[in-house]
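Read through the structure below, which is laid out as structure tokens, and then see the notes.
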Amino acid sequence: MTEREFALDVVRRLQQAGFAALWAGGCVRDEFLGLMPDDYDVATDARPDQLRPLFKHRNEIGASFGVVQVIGPRGDDGEWLTVEVATFRSDGTYTDGRRPDSVVFSSPEEDAKRRDFTINGMFFDPVKAQLIDFVGGRADLGAKVLRAIGAPTERFTEDKLRILRAVRMATRFDLAIDPETQAAATQMAGQIRAVSPERIAEELRKLLTHPNRARGLRLLREFGLIEPVLPEMVPTFTLPQGLPSAPTGTLWEHTVRVVEELKGPVSFPLAFAAILHDVGKPRTFARTPDRYTFHRHEHVGKQMAEAIADRLRLSTAEKTRVAWLVEKHQYLADAPTMRASKLKPILVHPGIRELLELHRADALATGKGLDHVTFCERMLRDTPPEELNPAPAVTGDDLIAMGLKPGREFKRLLDAVREAQLEGQIRTKADGLQLVRELRSAPPPASETPSE
């Protein structure tokens, strides 16, 4: 059974029991657009306690708000099928700007009017194949317009996250934005700070993994959402890009072009790193007579990316990958001439494909060639894995067996053997141990020689 079939079955069982039951919200919108809904929601006049005799398996954690999760059989993918069944309701005040303090069970029309945007406020009876539209959602969907239901200021006051959701909806469905809706969202943009970082991050994940992400980034600025969500990006609005004698726009415009050039399925860490890859430039900006300089901006950018990830409470894996991509976004520029011991370790990093895509997008956005990307891709294709990342010729245990103790010298020797191995200068353990003996008998590097 598919999720759609289960959602139809839930509606049918409710109607057969004498209740009104309709598909509601996003699934109706997606059905009319010919898209596969992420999930199906059912709205009904049945109260939570009236669902118990009809559906044996339920999760009633949201029952106080009239929402019950009905659990069905396993789907075709082996996962349990679930449908949220919500009683038609009107919402009370929203003290926390997120959820209503109370709800009153009501009619379908009143339920529709409490929702966010007209395209999300429609109902559909899948048994009768009948649309029920109290808010003009079908017309707005046909006209490709995103419009808040009722007074936009009221809708955004109820849940501040709707300001950011407006950007995501317009981006996902390529919609023009109703002027009154946009004016209210722009005026209230600063209030997004009242929303939890986790909810903001989840909207960003959905926005930035969509192919139309570059428009979404432009809309974030147009709505005034960059300042409260990513204030570190504000200096890029005016920072010059290109040579002083031949400017090519601002750093912000370059960033948008990089995001636009990302191709294929794009992960959130890659898209977010594309936005932040030059975030360190404003703090490292300097000028010589003929050029702008941004020395070490990638390292400053890494630190800033980590702080942003912490503020948005991203997962550790997301934070680590974003920061790594930002720090390394220039690393492969000289790949064709780099020493193998510097290039090979990064080619075997789990994030190398994302890094190459970031390099590709950055190069295209600045009108540069892709020789470095092509070179790396060829190496990955043609070089055996055991040559790119051979097992260490000498290990710490080998050094301990030689009487050495872990410490600075210990690490220096291991690093030197590994470098020689990646350069192809040694291949066996015997070669590696011989190199260790030679390094130990040689005078210490100048930097380690005690001063007189």
Side-chain angles (χ1 to χ4, degrees), residues 189-190 192-193 197 200-201 204 207-208 213-214 216-218 220-262 268-316 318-334 346 351 354-355 357-368:
I192 197 73
R193 294 185 180 94
I200 291 174
L204 291 177
L207 174 68
L208 296 178
R213 65 186 69 82
L217 190 56
R218 293 187 184 98
L220 286 176
R221 181 177 178 184
E222 198 174 313
F223 273 57
L225 286 165
I226 295 294
E227 289 86 343
V229 175
L230 292 173
E232 296 85 353
M233 293 299 296
V234 173
T236 70
F237 294 170
T238 54
L239 194 72
Q241 182 76 4
L243 298 173
S245 59
T248 58
T250 65
L251 181 57
W252 169 261
E253 291 163 349
H254 164 73
T255 299
V256 174
R257 285 195 294 271
V258 172
V259 171
E260 204 161 28
E261 290 290 352
L262 295 175
F268 170 67
L270 173 55
F272 204 40
I275 292 173
L276 300 180
H277 77 284
D278 279 342
V279 72
K281 278 189 171 181
R283 297 189 183 181
T284 58
F285 174 80
R287 179 174 177 173
T288 65
D290 59 347
R291 61 183 298 223
Y292 302 118
T293 64
F294 308 96
H295 294 307
R296 296 184 57 80
H297 79 273
E298 67 275 22
H299 303 295
V300 173
K302 176 194 176 185
Q303 296 172 349
M304 295 174 69
E306 289 174 334
I308 292 168
D310 286 338
R311 186 177 71 236
L312 291 172
R313 297 178 189 167
L314 303 187
S315 70
T316 300
E318 288 173 330
K319 170 185 172 179
T320 301
R321 180 59 57 85
V322 170
W324 180 79
L325 289 169
V326 169
E327 183 183 33
K328 302 298 184 184
H329 78 272
Q330 295 188 125
Y331 190 87
L332 299 175
D334 299 319
I346 204 163
E354 291 180 322
L355 183 60
E357 179 58 22
L358 180 56
H359 269 271
R360 190 190 67 80
D362 196 11
L364 291 174
T366 50
K368 296 179 180 178

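The first residue of the sequence shown is numbered 1, and numbering continues consecutively from there. Computed from a prediction, not measured in an experiment: that's the story for all the values here.
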Gap between atom CG of Leu355 and atom CG of Leu332 - 0.5 Å precision: 5.0 Å

Over all atoms of both residues, closest heavy-atom pair of Val258 and His277: CG2-CE1, 3.8 Å

Atom pair OH (Tyr331) and CG (Leu358), whose distance is rounded to the nearest 0.5 Å: 15.5 Å

side-chain contact (heavy atoms from CB on, under 4.5 Å) between Val256 and Val259, worked out: CA-CA 5 Å; Val256 174; Val259 171; 5.7 Å; no

Considering all heavy atoms, the nearest Pro269-Leu325 contact: O-CD1, 3.9 Å

Minimum heavy-atom distance Phe272-Leu312, with the two atoms named: CZ-CD1, 3.8 Å

Nearest heavy-atom neighbours spanning Ser245 and Pro247: C-CD, 3.7 Å

With sequence neighbours excluded, residues passing salt bridge (charged side-chain N to carboxylate O under 4.0 Å, His left out) with Glu260: Arg218

All side-chain hydrogen bond (donor to acceptor under 3.5 Å, both in side chains) counterparts of Arg296, not counting sequence neighbours: none

Set of residues satisfying salt bridge (charged side-chain N to carboxylate O under 4.0 Å, His left out) with respect to Lys302, sequence neighbours excluded: Glu327

side-chain hydrogen bond (donor to acceptor under 3.5 Å, both in side chains) partners for Glu222, two or more places apart: Gln182

Gap separating the CG atom of Leu239 from the OG1 atom of Thr255, nearest 0.5 angstrom: 9.5 Å

Pairwise ring-ring contact (aromatic ring centres under 6.0 Å, His included) hits with a residue in residues 295-315, at least two apart: His297-His329

Report, one line per pair, each donor and acceptor closer than 3.5 Å where one atom sits in a side chain of residues 282-289; sequence neighbours left out.
residue	atom	partner	partner atom	Å
Thr284	OG1	Gly280	O	3.1
Thr284	OG1	Lys281	O	3.3
Thr288	OG1	Asp290	OD1	3.0
Thr288	OG1	Arg291	N	3.2
Thr288	OG1	Arg291	O	3.1

Name the atoms and distances for all side-chain donor-acceptor pairs under 3.5 Å in residues 224-237, with sequence neighbours left out.
residue	atom	partner	partner atom	Å
Glu232	OE1	Arg311	NH2	3.1
Glu232	OE2	Arg311	NH1	2.6
Thr236	OG1	Met233	O	2.6

Min side-chain heavy-atom separation Arg321-Glu354 under 4.5 Å: yes

Salt bridge (charged side-chain N to carboxylate O under 4.0 Å, His left out) partners for Glu318, two or more places apart: Arg205

Taking every non-hydrogen atom, the tightest pair across Leu207 and Gly216: CD1-CA, 3.8 Å

Non-neighbouring partners of Asp334 that pass side chain to side chain contact (heavy atoms under 4.5 Å, CB included), sequence neighbours left out: Thr337, Met338

Trace of the side-chain contact (heavy atoms from CB on, under 4.5 Å) decision for Glu306 with Lys319: CA-CA 6 Å; Glu306 289 174 334; Lys319 170 185 172 179; 3.9 Å; yes

Which residues share a side-chain hydrogen bond (donor to acceptor under 3.5 Å, both in side chains) with Arg221, sequence neighbours left out: none

Listed once per pair and sorted, the side-chain hydrogen bond (donor to acceptor under 3.5 Å, both in side chains) pairs that draw on residues 357-368, sequence neighbours left out: His254-Asp362, Glu357-Arg360

Distance, nearest 0.5 Å, that separates CG of Leu251 from OG1 of Thr248: 9.5 Å

Any residue meeting salt bridge (charged side-chain N to carboxylate O under 4.0 Å, His left out) with Arg213, in chain and number order, not counting sequence neighbours: none

From CG (Leu314) to CD1 (Ile308), nearest 0.5 Å: 9.5 Å

Shortest non-hydrogen separation from Leu262 to Ala274 and the atoms involved: CD1-CB, 3.8 Å

